[in-house]
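Shown next, in structure tokens, is the structure this report addresses.
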2 protein chains.
Amino acid sequence: MTIKHVAADAGVSLQTVSRVVNKETGVRPQMAERVQASIDRLGYVPSIAAQRMGGSRSYLILALNDRERTIADWRARQGTDWVDQMLLGGMLTCAEHGYRLIVELVDTHSDHIERELLGAIAALQPDGVILTPPHSGNPLIIDLLEAQDIRFVRIGSISEGPGVRLMMDDARAARIATEHLVALGHRRIGFIAGPAEYELSGWRVDGWRAAMADAGLACTDLLASGDFSHASGRAAARTLFALPEPPTAIIGSNDQMTLATLELARETGRRVPEDLSLISFDDTPIIRLAHPPLTAIVQPIAEASARAVSLIIAGLAGDPTPDAPITVAAELTVRRSTARPPASG
Amino acid sequence: MTIKHVAADAGVSLQTVSRVVNKETGVRPQMAERVQASIDRLGYVPSIAAQRMGGSRSYLILALNDRERTIADWRARQGTDWVDQMLLGGMLTCAEHGYRLIVELVDTHSDHIERELLGAIAALQPDGVILTPPHSGNPLIIDLLEAQDIRFVRIGSISEGPGVRLMMDDARAARIATEHLVALGHRRIGFIAGPAEYELSGWRVDGWRAAMADAGLACTDLLASGDFSHASGRAAARTLFALPEPPTAIIGSNDQMTLATLELARETGRRVPEDLSLISFDDTPIIRLAHPPLTAIVQPIAEASARAVSLIIAGLAGDPTPDAPITVAAELTVRRSTARPPASG
DNA sequence: ATGAAAGCGCTAACAC
DNA sequence: GTGTTAGCGCTTTCAT
């Protein structure tokens with residue numbers, strides 16, 4: 001079934017069929033209708049390869065993820081569902097517009113990165129690329145994409161440079177989490193920050209500080225930090241627990257560190273949420289299976305991916321590229337790890 | 001960077017470059033070397049679209065999954081990592097051979113199914129398709145693929161028909177699980193079967209029965225069944241618990257049902273594994289986060305997907321299509337839900 | 001062993 | 001408005 005068959009069937013030229021398929025203007029409605037009827041009856045669907053060859057789009061969007069980390073997550077089978085959520089948002093949005101999303105793993109190792117990426121681009125000729133951390137902040141990749149004149153969205157990075165920047169509102173998320181605890185009556189709210197290498201670590205701390213200040217509460221001694229690992233979370237929690245006046249609530253910057261805090265709390269005889277309230281960041285499946293299930297800030301990965309795809313497709317259609325970073329709102333999901341502080345507190 | 005540039009650079013014709021790229025015979029080594037040098041230096045990578053247009057492969061393999069179930073799993077964020085495991089096995093194996101894996105969701109609803117699939121095939125012109133349940137057992141899809149002369153592998157179905165059949169050895173898995181319990185000293189081993197609609201439900205029961213028979217144990221009353229849902233698992237467990245002589249160990253046909261059994265056990269004062277041993281099937285992340293983490297049969301999804309891709313690519317290269325079902329071995333991962341039966345038992 | 005020519009299915013640019 | 005032409009980058013023939 002090629003465009004020729006449809007043209008013959010409808011008794012028109014190839015071009016007219018092409019115009020109808022691509023919804024171009026300048027075809028008489030009556031004619032368009034006839035052609036569409038042939039298309040439907042014959043079940044014609046244009047070949048993406050041929051469209052691409054004709055100088056049109058490839059209808060392919062690449063979702064670039066860090067190879068090492070992604071494979072490690074898959075192998076570990078700990079429930080990390082980043083890729084799934086990307087597919088959920090990205091693939092479905094692609095499908096709505098006749099696009100496909102192709103997941104591509106790229107090494108962070110800088111020797112290969114350029115060749116790998118160039119190879120994927122040459123082979124697939126994607127219409128757009130979605131960058132996730134740490135690639136979204138990698139100048140090498142960003143410049144390469146820019147040089148290739150490919151539209152791309154950078155998720156989770158606001159560092160200067162080309163490409164549309166898309167972030168989940170980390171500062172606001174931390175603020176919301178803090179406000180939730182303040183509303184419950186907590187006054188000593190600890191925060192376990194992530195590593196400084198991640199731009200978002202700072203944003204989250206900022207949000208917490210701001211909310212504390214707004215509530216007239218002091219942050220002194222209440223900030224600990226880790227590197228997103230379980231062990232570092234445990235150490236941070238130990239520091240906070242050891243305070244002369246320990247916090248009645250703790251916000252952890254990611255699931256692993258918060259889980260570690262929960263563990264240590266249990267081991268040291270603190271009940272959650274009766275003695276200690278806990279809020280996590282990320283909301284991977286692992287924490288809703290914890291005991292108790294943790295109240296958490298949900299990373300809107302699916303929404304961000306959907307947005308990224310939309311932005312790319314809109315850009316292709318001629319819409320101007322937004323210059324300022326775009327924000328996707330994160331939300332707080334209240335589960336059973338937050339409650340009012342102990343009466344004495 | 002097109003083949004022309006390479007040809008010009010190497011001072012040869014397009015054909016010669018094409019031959020070198022496709023590793024065809026009949027090029028003088030010295031010549032091939034020179035061409036390859038140009039390719040490397042220019043960083044040339046053939047365009048998949050153009051290759052496809054030229055009548056060659058598309059280097060694309062489609063992984064077909066059930067739309068409704070897959071999206072539901074993604075949204076639920078319960079840690080179901082079927083797609084991730086498919087990507088882990090399938091995508092990496094594809095990459096080794098210069099192929100890409102594209103995940104495609106297809107409705108089971110039979111009105112659309114044919115058009116959807118035909119559309120995807122026409123648009124992408126994939127070199128092969130991987131079918132997962134329930135599609136792998138769907139005659140409509142199977143026949144359609146056969147008619148389109150596309151190579152495909154059916155994972156998890158052994159019903160007659162075209163396509164390579166690839167199964168995870170369910171009977172053997174159930175046998176291994178049962179034998180593990182027998183070895184621990186259990187004599188009353190219950191089994192919660194899955195719904196009859198799934199071919200694999202029967203295989204699993206078969207394996208259990210066979211192992212019980214080999215050990216000289218009776219199965220009477222010890223078989224309950226559910227529909228893979230949490231609720232049905234709970235009901236089945238209740239039946240088994242109510243037996244005059246209840247089992248000291250239970251094997252559940254999937255994670256949800258086994259988890260339900262664990263819950264009911266806890267509620268009714270049975271300790272796992274001290275009073276009751278439990279083995280699950282599937283091994284999604286959820287059960288390693290349970291308390292205690294469950295001993296389980298691991299579904300080798302990644303391995304099966306990798307195998308499926310290999311079979312397709314080998315078929316493309318001219319290897320004969322295996323006629324008999326191919327089996328991928330499942331393994332038992334021992335965690336903390338199995339122990340010796342209580343002294344009195 | 002290498003090259004030249006034709007064509008894959010489609011779209012762009014240009015005619016009519 | 002609609003049809004015609006040329007060409008995208010590659011792989012097939014078929015010549016040499």
Side-chain angles (χ1 to χ4, degrees), chain A residues 1-36 38-39 42-60 98 118-119 121-127 149 316-318, chain B residues 1-36 38-39 42-60 98 118-119 121-127 316-317:
Chain A
M1 266 309 118
T2 75
I3 200 171
K4 276 188 187 170
H5 297 114
V6 178
D9 183 83
V12 299
S13 73
L14 304 186
Q15 208 34 244
T16 304
V17 179
S18 174
R19 286 183 181 118
V20 172
V21 167
N22 295 307
K23 297 179 179 52
E24 284 173 23
T25 61
V27 179
R28 222 175 325 194
Q30 178 192 355
M31 177 99 283
E33 209 173 303
R34 199 169 86 206
V35 172
Q36 188 59 53
S38 289
I39 291 176
L42 300 178
Y44 166 73
V45 174
S47 152
I48 284 186
Q51 288 186 129
R52 169 63 229 155
M53 287 306 299
S56 179
R57 317 231 174 111
S58 66
Y59 293 100
L60 260 25
L118 246 15
I121 290 173
L124 262 11
Q125 295 167 259
D127 293 333
D149 201 32
L316 256 17
Chain B
M1 266 310 118
T2 75
I3 199 171
K4 276 187 188 170
H5 297 114
V6 179
D9 184 83
V12 299
S13 72
L14 306 184
Q15 269 13 279
T16 306
V17 179
S18 175
R19 285 181 183 120
V20 172
V21 167
N22 296 306
K23 297 177 178 55
E24 283 173 25
T25 62
V27 179
R28 222 175 326 195
Q30 177 192 356
M31 176 99 283
E33 207 171 306
R34 199 169 85 206
V35 172
Q36 188 58 53
S38 289
I39 291 176
L42 300 177
Y44 166 74
V45 174
S47 151
I48 286 187
Q51 288 186 129
R52 170 61 228 155
M53 287 304 299
S56 179
R57 315 236 174 109
S58 66
Y59 294 100
L60 260 25
L118 247 15
I121 291 173
L124 262 12
Q125 294 168 260
D127 292 334
L316 256 18

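Each chain gets a letter, A, B and so on, in the order the sequences are listed, and its residues count up from 1.
The side-chain heavy atoms of B/Val45 and B/Met1, taken from C-beta on, include no pair separated by under 4.5 Å. Within the 4.5 Å cutoff, the side chain of A/Arg52 has heavy atoms near those of the A/Gln125 side chain. Contact of the A/Ser38 side chain with the A/Val35 side chain is not registered, since no non-hydrogen atoms from C-beta on lie closer than 4.5 Å. With a 4.5 Å cut-off on side-chain heavy atoms, A/Ile3 and A/Ser18 count as touching.
A donor-acceptor contact shorter than 3.5 Å is absent between the side chain of B/Arg19 and the backbone of B/Lys23.
Counting heavy atoms of neighbouring residues, nucleotides and ligands inside a 6.0 Å radius, atom CD of B/Glu24 exceeds 12 of them.
Note: CG (A/Leu316) to P (C/dT11) measures 15 Å, nearest angstrom. Atom C1' of nucleotide C/dT2 and atom CD of B/Glu24 are separated by 12 Å, given to the nearest angstrom. Nucleotide D/dC10 holds its C1' atom 14 Å from the CD atom of B/Gln125, rounded to whole Å. Nucleotide C/dA1 holds its P atom 17 Å from the CD atom of B/Glu33, rounded to whole Å. Atom pair A/Asn22:CG and C/dC10:P shows a separation of 10 Å (rounding to whole Å applied). Per the geometry, CD1 belonging to B/Ile3 stands 14 Å off P belonging to C/dA4, to the nearest Å.
For the atom pair B/Tyr44 OH and B/His5 NE2, the distance stands at 11.0 Å (nearest 0.5 Å). Distance check, rounded to the nearest 0.5 Å: CG of B/Asp127 to OG of B/Ser56 gives 7.5 Å.
For B/Thr2, counting side-chain heavy atoms from C-beta on, the closest listed nucleotide (D/dC10, C/dC10, D/dT12) is D/dC10.
For residues 46-59 of chain A, proximity to DNA chain C is found at A/Pro46, A/Ser47, A/Ala50, A/Gln51, A/Met53, A/Gly54, A/Ser56, defined as any non-hydrogen atom under 4.0 angstrom from a strand atom. Of the residues in residues 14-21 of chain B, those placing a heavy atom less than 4.0 Å from an atom of DNA chain C are B/Gln15, B/Thr16, B/Arg19, in numerical order.
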